[in-house]
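Below is one structure; the comments refer to it alone.
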Number of protein chains: 2
Amino acid sequence: MTAQTRRPLTLRDVSEASGVSEMTVSRVLRNRGDVSDKTRQKVLDAAKTLGYVPNKIAGALASQRVNLVAVIIPSMSNMVFPEVMMGISEILDDTPLQPVVGLTHYKPEREEAVLYEMLSWRPSGVILAGLEHTDAARAMLAAAGIPVVEIMDTDGEPVDAMVGISHRAAGRTMGEAIVAAGYKRVGFLGTKMPLDHRARKRFEGFTLALAKAGLEIADQEFYAGGSALVKGREMTEAILNRTPDIDFLYYSNDMIGAGGLFYCMEKGYDIPGKLGLAGFNGVNLLKGLPMQLATMDACRLDIGRKAAQIIAAHALDGDGPEGERVTLIPDITFGDTLRPPQG
Amino acid sequence: MTAQTRRPLTLRDVSEASGVSEMTVSRVLRNRGDVSDKTRQKVLDAAKTLGYVPNKIAGALASQRVNLVAVIIPSMSNMVFPEVMMGISEILDDTPLQPVVGLTHYKPEREEAVLYEMLSWRPSGVILAGLEHTDAARAMLAAAGIPVVEIMDTDGEPVDAMVGISHRAAGRTMGEAIVAAGYKRVGFLGTKMPLDHRARKRFEGFTLALAKAGLEIADQEFYAGGSALVKGREMTEAILNRTPDIDFLYYSNDMIGAGGLFYCMEKGYDIPGKLGLAGFNGVNLLKGLPMQLATMDACRLDIGRKAAQIIAAHALDGDGPEGERVTLIPDITFGDTLRPPQG
DNA sequence: ATGAAAGCGCTAACAC
DNA sequence: GTGTTAGCGCTTTCAT
């Protein structure tokens, strides 16, 4: 057992232990430039026996390079952002870049604070959810001089690049499918979140599609907090009791949709004959339910991948195109709860 | 529109714009020391109009202080670690400390790499899952000279502090409850993960409890990858077909348990009369299912909170006790799928 | 209440 | 292939 040093080890310690200059030690540790095998081995040995861990703070300051990518998302609690993260990691794992995540809980002022905090670490790029930000946040992003990718949503103007789906189009597509299936009395169940712009846009597209067919939302329910499964069940019970002639329920996410589906199955509703249901997101978790809920895949994995690729291209190989815009098209899944289009 | 500077702004820019020395600007921006209100206002104005974002890299190097806490966990894909994260954030939100997470995917060598990477940013503390690490990882932790909290599991020796539950005891408790309820032919369904030490320890405790009552595992099934809900369903079908006289199924997590529960309900099994089921974790998501699965809460929120408190105490208020050990006791939930103890 | 000097641990750029 | 010098942008310490 060697004596414990309270002061963390520095390059100088390795330099002294190996009898090689600090500069050469630095080169070895970063695999940079030409170093003779003999010197390299001496340095590696010394570093290992000492247990040296480089100080990236100092390295970053000296090199003006930080291999961090700031990822700013609303939450981790439903499965959607974790899946985006997987796409991001999948790409960044093949690069020296590392994602660092910050959560906003759907609050603009928190997003601003998190962004400020992250930018103060001078990351190589920023990936953040949504196109709606405070003026200050947009100003910071524009001034940061690093690639910025806004993800999830493409209904609006990005600061720099954007990758996502059109939630307005997604809502419209589902609305059209419901109309085509012949449902007439459509109820909507969603979250009470004025700041969830993507849910709002889906709702707008959805009502628009219904309106084109001369339909209006027959009834609606909103919730906040609590277990989504339980809330879905409760809201479904409420809306079906209040408006018994409803023949379709559109849920703003699959989790409340699943709760509603359980309720309807227990009550013995004829699905999708007399009552249809649909959610949004294509949550993998839910495969394996007794009945497959109609839904729409939000392309989360691909969004994460593409966003990371854009950042990586700029941060590493100089820079690719500026202000790239990628709009993915979500697939609709009819499952067992939405009739296919009627003749 | 002011002209875009590619070079990020520095303290010097704010100093020049406000006509105040860099030192005083620095003091204002950190609310340190005495600065006259007039000067303070001048500086704040200048910083805001310029859009200055401090460089924490430089700040950290100069002050030898980094308000980051490294959190190293296996995965984000089931709900357990996100919930631990919530506990951690809840506590750290009231401090200047910020969590930074790294994922290991249950691979020791990846844990070692992630740890090395994180330590190179010189965080104020480390929280990591489990007590099993590579020798190199343990050496790094011991040498880092910062508080280290190993979480989730308390069946073993920590490097420094530990907070968790005894998974061996948890398995034993569930085994005893099953025995007390009078079930005799018990099947086990779990993940094929030799490196999930906590699942292994639960299994050990479980079989021990059965053995004490003269029982052995009647049959078992393991899975890897795929949707847990689907796998739970498939494994349950397989085990019940192969060993029809089974009267209890113990699942290593609630998600596969839920899949199994669906299968059994569809097939019309008499639950919990002729067939009992239990999972592990108390996943909130699952409240709202048609039937409540027996389970055990792993105290995830409390683990996160307590771990963060230990780090905060050391990093901020000098240091608290060294090597603190906190063992939480998980609650058992009988739900609708496990009979209460038989007379 | 404010400023000047020194240096945190590393790397870029240039010698040799 | 290796070493030297000069900072990176802040904060610490000490002076005023």
Q. Step by step, would you call B:T10 with B:N55 a side chain to side chain contact (heavy atoms under 4.5 Å, CB included)?
A. CA-CA 8 Å; B:T10 69; B:N55 184 331; over 6 Å; no
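Rounded to a whole Å, the CZ atom of B:R32 is 16 Å from the P atom of D:dC10. Rounded to whole Å, atom P of D:dC10 lies 13 Å from atom CH2 of A:W121. Per the geometry, CG belonging to A:L11 stands 13 Å off P belonging to D:dG3, to the nearest Å. Computed from coordinates, the A:L61 CG to D:dC8 P distance equals 9 Å when rounded to whole Å. Atom CG in B:N31 sits roughly 12 Å away from atom P in D:dT11 (whole-Å rounding). Across the protein-nucleic acid pair, A:R122 atom CZ and C:dT11 atom P stand 19 Å apart, rounded to whole Å. Atom CD of B:Q41 and atom P of C:dA1 are 16 Å apart (whole Å). Distance B:L9 CG to D:dC8 P: 15 Å, rounded to the nearest Å.
Residue B:R12 qualifies as open at atom CZ: its count of foreign heavy atoms under 6.0 Å is 12 or below.
Across all their heavy atoms, B:P147 and B:H314 have their closest contact at CG-CB, 3.5 Å. Taking each heavy atom of A:G164 and A:I303 in turn, the nearest pair found is CA-CD1, 3.8 Å.
A:E111 contributes no side-chain N or O that, together with a main-chain N or O of A:H133, makes up a donor-acceptor pair within less than 3.5 Å.
Checking the phosphate oxygens (OP1, OP2) of D:dT11, a side-chain nitrogen or oxygen of B:S26 falls inside 4.0 Å. Contact between the side-chain N/O atoms of A:Y52 and the OP1/OP2 oxygens of C:dG9 is not found at any separation under 4.0 Å. An OP1 or OP2 oxygen of D:dG3 is reached within less than 4.0 angstrom by a side-chain nitrogen or oxygen of A:S21.
Listed candidates were D:dG9, D:dT2, D:dG3. Nearest to the side chain of A:M23 is D:dG3. With D:dT11, D:dT2, C:dG3 as the candidates, the nucleotide lying closest to the side chain of A:T24 is D:dT2. For A:S36, the listed nucleotide lying nearest its side chain is D:dG1; candidates were D:dG1, C:dA1, D:dT4. Checking C:dG9, C:dT2, D:dT12 against every side-chain atom of B:V35, the shortest atom distance belongs to C:dT2. Of the candidate nucleotides D:dC10, C:dC10, D:dG3, D:dG3 has the atom lying nearest to any side-chain atom of A:R27. With C:dC8, D:dT12, C:dC10 as the choices, the nucleotide that has an atom nearest any side-chain atom of B:Q64 turns out to be C:dC8. Out of C:dG3, D:dG3, C:dC10, the shortest distance to the side chain of A:A58 is found at C:dC10.
Checked against B:L44 for a side chain to side chain contact (heavy atoms under 4.5 Å, CB included), the options B:K48, B:R40, B:K42 give a single hit: B:R40.
Within the nucleic acid shown, B:D34 comes within 4.0 Å of at least one base atom, counting heavy atoms only. Using a 4.0 Å heavy-atom cutoff across all strands shown, A:R30 reaches sugar-phosphate atoms only and no base atom. Here A:R65 lies in heavy-atom contact (under 4.0 Å) with sugar-phosphate atoms only.
In terms of position along DNA chain C, the nucleotide closest to B:T39 lies nearer the 5' end than the nucleotide closest to the other residue of the pair B:T39 and A:S63.
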